[in-house]
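One structure is given below, encoded as structure tokens.
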Amino acid sequence: MEFGIEEGLCGLYCKYNGILAPSYGATASCRDGCWMCHNQGVNQLRLLRRDYPDLWALLMKWDADSPVNFHPDGHTVHDFDRRFQMEDEHLLSPDDKVFRWSMLEEDELNYRLF
């Protein structure tokens with residue numbers, strides 16, 4: 001938007017340069033852009049981890065190498081990975097509307113079975 005590029009042209013640019021999310025246009029994905037974007041919602045990140053483990057692994061590597069946090073709120077890709085791992089182990093619910101990052105702290109681990 002800052003450069004006056006419309007969404008359609010932006011999508012073509014991303015597709016041409018190989019950075020468009022592979023799930024773009026898929027039925028499981030409501031809206032995608034660049035698969036490595038820090039502005040993705042938690043559901044999009046969850047889908048990326050589940051459906052594209054190779055891209056998730058690359059994002060985890062970039063996260064480890066980056067001098068800045070992935071999310072503006074200070075959370076890293078590794079934080080999201082830990083959250084998703086706990087969901088996989090059924091210790092957290094993906095649909096939990098009261099999720100708080102503090103639930104993942106070692107000293108206050110809040111096991112919420114569903």
Side-chain angles (χ1 to χ4, degrees):
M1 289 181 60
E2 293 176 20
F3 300 108
I5 301 173
E6 294 181 4
E7 185 176 355
L9 184 57
C10 219
L12 287 174
Y13 175 85
C14 290
K15 184 175 182 177
Y16 178 78
N17 286 287
I19 59 174
L20 193 66
S23 58
Y24 191 80
T27 57
S29 176
C30 60
R31 182 177 175 93
D32 274 340
C34 301
W35 61 267
M36 76 293 280
C37 182
H38 63 88
N39 288 324
Q40 293 183 76
V42 67
N43 289 332
Q44 290 300 118
L45 291 170
R46 189 180 286 116
L47 287 173
L48 182 69
R49 181 179 179 266
R50 185 191 73 200
D51 297 341
Y52 303 94
D54 54 332
L55 295 179
W56 186 256
L58 183 56
L59 195 57
M60 293 274 286
K61 181 191 177 316
W62 288 348
D63 184 56
D65 294 343
S66 177
V68 296
N69 292 326
F70 178 71
H71 242 227
D73 66 5
H75 291 100
T76 66
V77 178
H78 287 80
D79 292 334
F80 283 97
D81 192 64
R82 182 157 185 255
R83 175 183 177 173
F84 300 151
Q85 181 62 38
M86 292 185 74
E87 291 173 1
D88 292 346
E89 294 169 357
H90 304 286
L91 299 173
L92 292 173
S93 170
D95 300 323
D96 190 348
K97 302 297 184 211
V98 295
F99 173 80
R100 301 290 180 265
W101 285 104
S102 62
M103 296 165 69
L104 301 183
E105 294 174 8
E106 292 295 328
D107 56 338
E108 296 182 23
L109 189 57
N110 183 359
Y111 292 97
R112 299 175 67 129
L113 299 176
F114 56 96

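Note that this is a predicted model, so its numbers are computed, not measured.
Remark: Asn43 engages Arg46 in a side-chain hydrogen bond (donor to acceptor under 3.5 Å, both in side chains) (not counting sequence neighbours). Residues meeting the side-chain contact (heavy atoms from CB on, under 4.5 Å) test with Asp81, sequence neighbours left out: Arg49, Trp56, Met60. By the ring-ring contact (aromatic ring centres under 6.0 Å, His included) test, His38 pairs with no residue at all, sequence neighbours left out.
In this structure, CZ in Arg82 is found 11.0 Å from OG1 in Thr76, a value given to the nearest 0.5 Å. Separation of atoms CG (Asp54) and CG (Asp51) is listed at 11.0 Å; rounding is to 0.5 Å.
Residue Gln85 is tested with Glu87, Glu89, Arg83 for a side chain to side chain donor-acceptor pair (under 3.5 Å); the sole match is Glu89.
Contact annotation: the side chain of Asp79 never approaches that of His71 to less than 4.5 Å [non-hydrogen atoms, C-beta and beyond]. No side-chain heavy atom of Trp62 sits under 4.5 Å from any side-chain heavy atom of Val77. In this structure, Phe70 and Leu59 have side chains that are in contact, with non-hydrogen atoms separated by less than 4.5 Å.
Between Phe99 and Trp101, the ring-plane angle classifies as perpendicular under the 30° and 60° cut-offs.
A donor-acceptor pair under 3.5 Å links the side-chain atoms of Asp63 to the main chain of His78, judged by distance alone.
Criterion: ILVMFWY side-chain heavy atoms under 4.5 Å apart, direct or through other members. Under it, Ile5 and Tyr13 are not part of a common hydrophobic cluster.
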